[in-house]
Amino acid sequence: MDAQSQWTGLDAGRLERITDHIERNYIASQKIMGCQVAVARHGHLAYQKSFGSMDLERNKPMADDAIFRIYSMTKPITSVALMTLYEKGYFQLNDPISRYVPSWKNHRVWVSGEGEEMVTEAPKRPVSFRDVLSHTGGFTYGGGLPGVGIQHPVDKIYRELKIRSSGTADTMEGFLDKLAQVPLLYQPGERWMYSLSTDICGALVEIISGKPFAEYLQDEIFGPLGMNDTSFFVAPDKIDRFCANYQRGPDKKLKLIDDPATSDFTKDPAFKSGGGGLTGTIADYMKFCEMLRRGGELDGHRVIGPRTLAMMHMNHLAGGKDLTQLAIGSFSETSNEGVGFGLGFASTMDEVSTGSLGVGDYYWGGAASTIFLVDPKEDLTMAFMTQLMPSGTFNFRGQLKSLIYSAIVD
């Protein structure tokens with residue numbers, strides 16, 4: 001057994017199957033332009049490689065320090081930030097958001113109809129902090145998910161009010177007050193729907209802390225963890241490290257959809273999206289994952305308490321149900337079978353139902369097919385970065401889990 005295997009309990013030869021799998025199935029056939037994979041166990045890096053290209057048009061090979069749009073992998077970071085305020089005594093999970101956003105006392109719940117014929121009712125209880133952390137508050141994405149048009153009368157109101165629409169520059173308070181005017185799609189806590197909930201969490205971090213959201217993340221998470229390349233925009237001196245973003249066309253060829261030289265991600269956004277606004281490197285995100293694996297601390301810097309973190313990746317869905325029983329809508333960065341959802345993370349409840357190893361692991365992904373996972377039982381972390389829209393085209397998480405977990409030999 002080599003030294004790496006002794007430290008990590010992962011067979012180095014078996015981990016090389018990742019290399020063969022990625023190169024043979026994705027790079028050679030140009031199903032993706034390029035990617036990076038990092039795997040660590042017991043705090044030791046067991047595998048890290050860069051594949052393919054970061055920019056096909058400029059013929060740039062994937063750089064080890066490449067910067068990616070992490071989209072919804074912003075959500076766990078935002079959720080941890082909000083829960084640091086929970087630890088400071090600012091709220092309890094079942095407290096109503098209206099404690100901090102008075103306009104939310106006026107929420108209604110959709111019953112039937114649309115427009116002037118729409119029928120609504122009062123909520124059985126107010127939307128709580130637990131609801132927005134776990135996507136169970138009754139909000140939607142306003143029909144704005146990849147490949148999804150306006151699907152519901154409630155979504156039309158999101159569009160009419162231009163909630164999180166391109167070109168709008170709402171303050172955090174303005175964003176939350178607009179949401180008070182939209183009927184909830186369902187009674188709080190009774191269903192699950194992927195939504196603007198984590199943008200709400202980011203707004204709450206700013207309002208409760210009294211600091212701009214980006215500044216709070218820098219002070220409480222990025223600075224302490226040394227996540228020096230994670231930001232809501234790519235600085236001018238780092239643009240040469242920024243990946244191009246692609247989509248597979250009807251002919252299954254890659255089509256450039258966001259050039260790094262002209263991307264909106266090179267401009268400081270007026271609204272800092274806690275649900276999907278960050279860019280960063282795989283090295284930075286592995287620092288965040290390692291902090292999670294270690295129970296909220298890394299290199300002497302504690303971000304969050306271990307018991308708070310453990311509660312965050314428990315299943316908070318009503319009745320302990322999985323997403324197949326409560327989820328509305330088909331899009332999210334996870335499958336539904338055997339999967340629960342906590343306060344910012346999905347979690348594997350049942351290996352048989354999911355058909356994948358690693359019960360008790362928790363994870364999330366991003367719209368450009370990025371993924372990460374933390375497995376407390378196996379003491380393992382993994383991050384995968386690429387730039388292919390939308391996520392779900394390929395089951396990278398399931399494939400990589402099979403390859404990684406089959407390499408565990410201790």
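All values derive from a computational prediction rather than experimental measurement.
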query: Is Asp170 salt-bridged to Lys162, going by a charged N under 4.0 Å from an acidic O?
result: no
message: Strictly below 4.0 Å, N to O, side chains only: are Arg294 and Asp379 in salt-bridge contact?
response: no
- prompt: Would you say Val182 and Glu160 make side-chain contact, with heavy atoms under 4.5 Å?
  reply: no
Met33 side chain reached by Ile27 side chain, heavy atoms, under 4.5 Å: no
query: What residues form a salt bridge (charged side-chain N to carboxylate O under 4.0 Å, His left out) with Asp350, not counting sequence neighbours?
result: none
task: Determine, for Arg69 against Asp258, whether the closest basic-nitrogen to carboxylate-oxygen distance falls under 4.0 angstrom.
output: yes
field: Over-ring placement of Arg397 relative to Tyr363, 6.0 Å and 45° cut-offs
entry: yes
message: Assess whether a salt bridge exists between Lys124 and Glu190, defined as any Lys/Arg side-chain N lying under 4.0 Å from an Asp/Glu carboxylate O.
response: yes
- prompt: Mind checking what makes ring-ring contact (aromatic ring centres under 6.0 Å, His included) contact with Tyr86, not counting sequence neighbours?
  reply: Phe91
- request: Would you indicate whether Lys252, at its atom NZ, is surrounded by more than 12 heavy atoms from other residues, nucleotides or ligands within a distance under 6.0 Å?
  value: no
message: Could you walk me through whether Tyr285 and Phe372 satisfy the ring pair (Phe, Tyr, Trp, His ring centres under 6.0 Å) test, starting with their C-alpha distance in whole Å, then the side-chain angles of each, then the deciding distance to 0.1 Å, before giving a yes or no?
response: CA-CA 8 Å; Tyr285 213 89; Phe372 83 95; 5.2 Å; yes
query: Hey, which of Phe213, Phe175, Phe232 is the one that makes ring-ring contact (aromatic ring centres under 6.0 Å, His included) with Phe271?
result: Phe175
- request: Could you tell me whether Arg14 and Asp11 make a salt bridge, using a distance below 4.0 angstrom between a side-chain N and a carboxylate O?
  value: no
task: Please round to the nearest 0.5 Å and tell me the distance separating atom CD of Glu215 and atom CD of Gln218.
output: 9.0 Å
field: Pair Glu16 + Lys49: basic N to acidic O under 4.0 Å
entry: yes
Within 6.0 angstrom of Lys321 NZ, more than 12 heavy atoms from elsewhere: no
- request: Not counting sequence neighbours, which residues clear ring-ring contact (aromatic ring centres under 6.0 Å, His included) with Phe68? List them please.
  value: none
Single hit among Asp65, Asp229, Thr279 for side-chain hydrogen bond (donor to acceptor under 3.5 Å, both in side chains) with Lys238: Asp229
Intermediate values then yes/no, side-chain hydrogen bond (donor to acceptor under 3.5 Å, both in side chains), Ser273 and Asp199: CA-CA 6 Å; Ser273 170; Asp199 281 307; 2.6 Å; yes
task: Would you sort out whether Thr136 and Asp131 count as a side-chain hydrogen bond (donor to acceptor under 3.5 Å, both in side chains), showing the intermediate values?
output: CA-CA 5 Å; Thr136 59; Asp131 292 327; 3.1 Å; yes
Of Phe51, Phe396, Phe384, the residue whose pairing with Tyr26 passes ring-ring contact (aromatic ring centres under 6.0 Å, His included): Phe396
- prompt: Just how far is it from atom CD1 of Ile18 to atom CD of Gln48, taken to the nearest 0.5 Å?
  reply: 11.5 Å
message: Using a 3.5 Å distance criterion without hydrogens, assess whether the side chain of Thr308 forms a donor-acceptor pair with backbone atoms of Ile304.
response: no
message: Does this structure show an ion pair linking Lys287 with Glu290, if we count only N-O contacts that are shorter than 4.0 Å?
response: no
query: Do NZ/NE/NH1/NH2 and the carboxylate oxygens of Glu206 and Lys211 come within less than 4.0 Å?
result: no
field: Side-chain ion pair, Asp237 and Arg241, N-O less than 4.0 Å
entry: no
task: Quick one: do Phe139 and His107 satisfy ring pair (Phe, Tyr, Trp, His ring centres under 6.0 Å)? Show the steps, please.
output: CA-CA 11 Å; Phe139 301 99; His107 262 136; 5.7 Å; yes
task: Considering only NZ, NE, NH1 and NH2 on the basic side and carboxylate oxygens on the acidic side, decide whether Lys88 and Glu220 come within less than 4.0 Å.
output: yes
